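Read the structure below first, then the notes.
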Amino acid sequence: MFQQSDGHDGRVIIVSNRLPVVVRGDGDNLALLPAAGGLATGLRPLHETGDSIWIGWAGDLPTMPRATRKRVVRELQDRRIQPVELTRSQSHGYYNGVCNGVLWPLFHYQIDRIPLTVPEWEVYRSVNERFADAVVREYRDGDAIWIHDYHLLLVPGLVRDRLPDARIGFFLHIPFPACEIFRVAPWRREILAGMLGATVVGFHTPGYASQFEDAVRALTAFEVEPGRVTANARSVRVGAYPMGVDAAWFTAAAATEAVRMEREQLAGTSQQQLLLGIDRLDYTKGIPRRLLAYEQLLRDNPEIRGRVRLIQVAVPSRDTVPSYQKFRREIDEIVGRINGEHGTVDWTPIRYLHQSVSPTQLVALYGAADVMLVTPLCDGMNLVAKEFIASRADGDGVLLLSEFAGAAAQLPEAVSVNPYAIDEMAAAIKAALTMDVAERRRRMRALRARVAAEDITWWAASFMRDLRAERLDGRAADPAGESAAHRVALADVIADLEIPPVGIEHVKALEVLTDHVRRRVEAAAFQLRLD
Ligand code: GDG
């Protein structure tokens, strides 16, 4: 798929912390199962259909008996997966300590969750070096390297030191915060230098891209212009590439017999309306406030008790990180209280599943929901919102979407909510439950068109197109002839206006200005939606 989409021969080396599969069971019952989580779900179909190699951390591999370990490595290699092995202390310090103990809360504006004693950065650096070693070992001339996410912020720079001419892409799957927050990171300059080792640095939204540029401007001496940073005489492209989902897969899955049967079972004979939440159990996803808004809805509208229910799936996640264990107890308590206080002998307000569900169940749940609640406090993109839309081939269902999810910038027809305003959220849920069918369908039609057009293939193709278009000396090449075409068009306009002849430097300046204006307009449009 990489090849078909960008028409280039070289392979793509995908590099991410986790692999697209997890190893389950032991002995003869070992199985490689698809990993959950946004990054794995998004990139897996591209890897399965393209000429790529995937480098990532293989979890418990080093602790397995020798023969088992060998078998797993062979099976991984058959799937073009190259495991990076880490010792327990490496994975503990890097994954639990720095990645999920510090970087995750910091980039999601939750600085209060950063522990008083910051874990050792040395471990993070050395693990990033191990990943860089693995990339350099695999690399062949002509390959493009695509590094992902906050676990590997230093890898682009480390690879650049050893492969000065390589095409290196970096994509951040979480928000890039405002500079006032980012500068809290004790290793902020090293992080920026690491990311700027890439040829193209990508984010989900134009807002995150500008915030990254602000941080580079404030914390380094590098030259920054909209969409570009000149770092150590190398030009780095900075852009927004909103990640999509495999929309065709979800739409087709929704029409299968297995999903239809599952959906009918969920609907049962009840006339209740179904509210649905599906998230990793993470404090950024806004589950407690969502539950409180639902409670308020029940309290303010006693007539709807027994006529509505909420299914909340909270997939276990990072349960070895202390703040996640505490958070899990907090949710258990809220669910218990609401069910205890508002439930009756024949009605339970919330069905809470602390487990993952199968893909068939997932699509059936999306299809059965009257209102999908996606209310994160802060979220890079949020693929669940897009999967819900892609699964609604029936053209019905309402999406309630937090304005603080990256997806909000692309999905203005959703019902927008501020997840911190519980009253407002309760009122929005009620409005969604009572929205008339014509309005629901009008919104869903527009949402489906966008999610189908800007899907996972479109996302990967746009990123790879820009990565391939950069010249290896760091300046933009022009293989598609796009800017040439723009120049010709501009020359026509200028001729029509009878402006005296302009030089190439004027055209360049106009291009920069146009890009700048486009970004300002996008940011202003986004801000307007927030207001
Ligand atoms: C990060 C960023 C960004 C969830 N439960 C089950 C299940 N899932 C799948 C969903 C979806 C994925 O996991 C979750 O993706 P999100 O995008 O919602 O969230 P994160 O995991 O936090 O992902 C996020 C993403 O990276 C991509 O860049 O959008 O902002 O935080 O695909 O379907 N899948 C199955 N059973 C479950 O119970 N089968």
Side-chain angles (χ1 to χ4, degrees), residues 14 16-18 20-22 33-46 99-100 103-105 107-110 146-151 170-177 202-205 207-208 240-247 249-250 253-254 259 262 276-287 311-318 324 352-367 369 372-391 399 401-402 404-411 451 454-456 459-460 463:
I14 303 172
S16 68
N17 171 59
R18 286 291 188 169
V21 289
V22 285
L33 301 177
L39 187 149
T41 321
L43 283 168
R44 192 184 306 114
L46 304 175
C99 296
N100 293 325
L103 297 175
W104 178 270
F107 280 51
H108 288 89
Y109 294 75
Q110 301 265 334
W146 196 5
I147 301 159
H148 292 265
D149 227 358
Y150 65 103
H151 314 88
F170 178 80
F171 188 82
L172 188 69
H173 289 259
I174 63 175
F176 192 92
F203 301 90
H204 281 304
T205 70
Y208 305 152
Y241 306 88
M243 185 168 175
V245 297
D246 191 349
W249 184 89
F250 282 95
V259 167
E262 191 82 40
L276 176 67
I278 294 185
D279 312 79
R280 270 187 316 96
L281 186 62
D282 195 293
Y283 51 78
T284 61
K285 301 288 181 184
I287 303 172
I311 296 182
Q312 174 65 58
V313 179
V315 186
S317 179
R318 306 174 189 172
Y324 283 76
Y352 176 61
L353 306 177
H354 180 237
Q355 56 190 266
S356 63
V357 296
S358 71
T360 304
Q361 287 172 321
L362 185 76
V363 180
L365 280 165
Y366 287 146
M372 181 84 217
L373 304 176
V374 180
T375 60
L377 305 178
C378 184
D379 210 339
M381 170 54 68
N382 195 294
L383 299 182
V384 166
K386 293 184 171 181
E387 292 171 3
F388 166 68
I389 294 166
S391 303
L399 172 65
L401 181 60
S402 160
F404 305 129
Q410 257 177 312
L411 306 175
V451 165
E454 298 176 357
D455 68 354
I456 186 73
W459 169 72
F463 187 91

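As the structure lists them, so they are numbered: ligands from 1, and atoms in each ligand from 1. This structure is a prediction, so every number in the text was calculated from the model and none was measured.
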Polar proximity ligand 1 side, [X] side, N/O cut 3.5 Å exclusive:
X: Val357; result: yes
X: Lys285; result: yes
X: Met381; result: yes
X: Asn382; result: yes
X: Ser358; result: no
X: His204; result: yes
X: Phe171; result: no
X: Glu387; result: yes
X: Gly380; result: yes

Considering the heavy atoms of [X], write down every atom of ligand 1 situated less than 4.0 Å from one of them.
X: Arg280; value: 20 (P), 21 (O), 22 (O)
X: Met243; value: 27 (C), 28 (O)
X: Ser356; value: 37 (C), 38 (O)
X: Val315; value: 4 (C), 5 (N), 6 (C), 37 (C), 38 (O)
X: Val384; value: 18 (O)

Centroid-centroid distance, [X] to [Y], less than 6.0 Å:
X: Phe107; Y: Phe176; result: yes
X: His204; Y: Phe171; result: yes
X: Trp104; Y: Tyr324; result: no

If we only count heavy atoms from C-beta on, is the [X] to [Y] side-chain gap below 4.5 Å?
X: Val384; Y: Asp279; result: no
X: Asn17; Y: Tyr150; result: no
X: Gln312; Y: Leu353; result: no
X: Val259; Y: Tyr366; result: no
X: Thr284; Y: Pro376; result: no

Item to check | Audit row: Leu365, Val313, side chain to side chain contact (heavy atoms under 4.5 Å, CB included) steps and yes/no | outcome: CA-CA 10 Å; Leu365 280 165; Val313 179; 4.1 Å; yes
Next on the checklist: Could you check whether any heavy atom of Trp104 sits closer than 4.0 Å to an atom of ligand 1, since that is the contact criterion I want to use?
Outcome noted: yes
Checklist entry - Is it the side chain (CB and beyond), the backbone, both or neither of Phe388 that lies under 4.0 Å from ligand 1, heavy atoms counted? => result neither
Checklist entry - Using a heavy-atom cut-off of under 4.0 Å, does the side chain or the backbone of His173 touch ligand 1, or both, or neither? => result both
Checklist entry - How far apart are the C-alpha atoms of Ile287 and Thr375, what are their side-chain angles, what is the distance that settles it, and do they pass the side chain to side chain contact (heavy atoms under 4.5 Å, CB included) test? => result CA-CA 7 Å; Ile287 303 172; Thr375 60; over 6 Å; no
Next on the checklist: For the SG atom of Cys378 and the CG atom of Asp282, what is their distance to the nearest 0.5 Å?
Outcome noted: 10.5 Å
Next on the checklist: Looking at non-hydrogen atoms alone, which of Val363, Leu365, Leu362 comes nearest to atom 34 (N) of ligand 1?
Outcome noted: Leu362
